[in-house]
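These numbers come from a predicted model, not from an experiment.
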Amino acid sequence: MTTPAHSEESRSAVEIVAAEWSDVLSYGTDLINPAVPRAAYQHPSLRELWPMVSHGVLYLSRCTRYPWSRDIGTAFPQSGGGYRIRRESDKALLGVVDTLEEAYALIAANLPEGCGPAIDGTPDDLPSCAGLGREALPEDCGPAVEGTADDL
């Protein structure tokens, strides 16, 4: 029996990420405001990262497998309008902006040094953490933050 050429085992990280973006970009309003992934996808550096949606928020990772990296900023919608941009790995507030376009421009401008396309693996497989010349630590990776956007 032969294995299909595009089985999960034979797909490259680029193909895996592209397929996930295709799925995320097709999500309806029951999962996320469709304008959110479209705004992120406009940035070539962000479309190379692994996208995932939880509680109506788009998260991006340098890894395709759990526990995803947490060193990419995330845009959280605010109840009064606008977006708060947080990076979980160091708890940094990158900024508060009015529009999705501004949010994802800010995220793209604050990618970790040396950040490139997502790898097919976990943070343990990353060669270094945020360009600091050290291996990834447990606090650099893991699941998305729990709570609401206003908690952040």
Rounded to the nearest 0.5 Å, what's the gap from [atom1] on [X] to [atom2] on [Y]? Could you check?
X    : Y    : atom1 : atom2 : value
Y27  : I32  : OH    : CD1   : 9.0 Å
L58  : L100 : CG    : CG    : 10.0 Å
M52  : S61  : CE    : OG    : 4.5 Å
H43  : E101 : NE2   : CD    : 8.0 Å
Y104 : T99  : OH    : OG1   : 11.5 Å
I107 : I72  : CD1   : CD1   : 9.0 Å

Is the Lys NZ or Arg CZ of R84 less than 6.0 Å from the centre of F76's six-membered ring, within 45° of the axis?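 No, R84 does not sit over the ring of F76.
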
Consider only side-chain heavy atoms of I, L, V, M, F, W and Y, link residues closer than 4.5 Å, and tell whether L31 and V36 are in one cluster.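 In one cluster with L31: V36, yes.
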
Side chains of Q78 and Y83: does their closest heavy-atom pair fall under 4.5 Å? no

Would you say that L111 contacts D71 through its side chain, given a criterion of any heavy-atom pair below 4.5 Å between the two side chains?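 No, side chains not in contact.
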
Hey, which of D125, D120, T122 is the one that makes side chain to side chain donor-acceptor pair (under 3.5 Å) with T64? D120

Is the backbone N or O of I16 less than 3.5 Å from a side-chain atom of E20, with the two atoms forming a donor-acceptor pair by type?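 No; zero donor-acceptor contacts below 3.5 Å.
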
Given R62 and L126, is the side-chain contact (heavy atoms from CB on, under 4.5 Å) satisfied, shown in steps? CA-CA 8 Å; R62 296 191 298 145; L126 291 170; 3.3 Å; yes

Taking the six-membered ring for Trp, is the centroid-to-centroid distance between Y41 and W21 below 6.0 Å? yes

For R87, all residues meeting side chain to side chain donor-acceptor pair (under 3.5 Å), sequence neighbours excluded: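 R87 satisfies side chain to side chain donor-acceptor pair (under 3.5 Å) with D90 only.
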
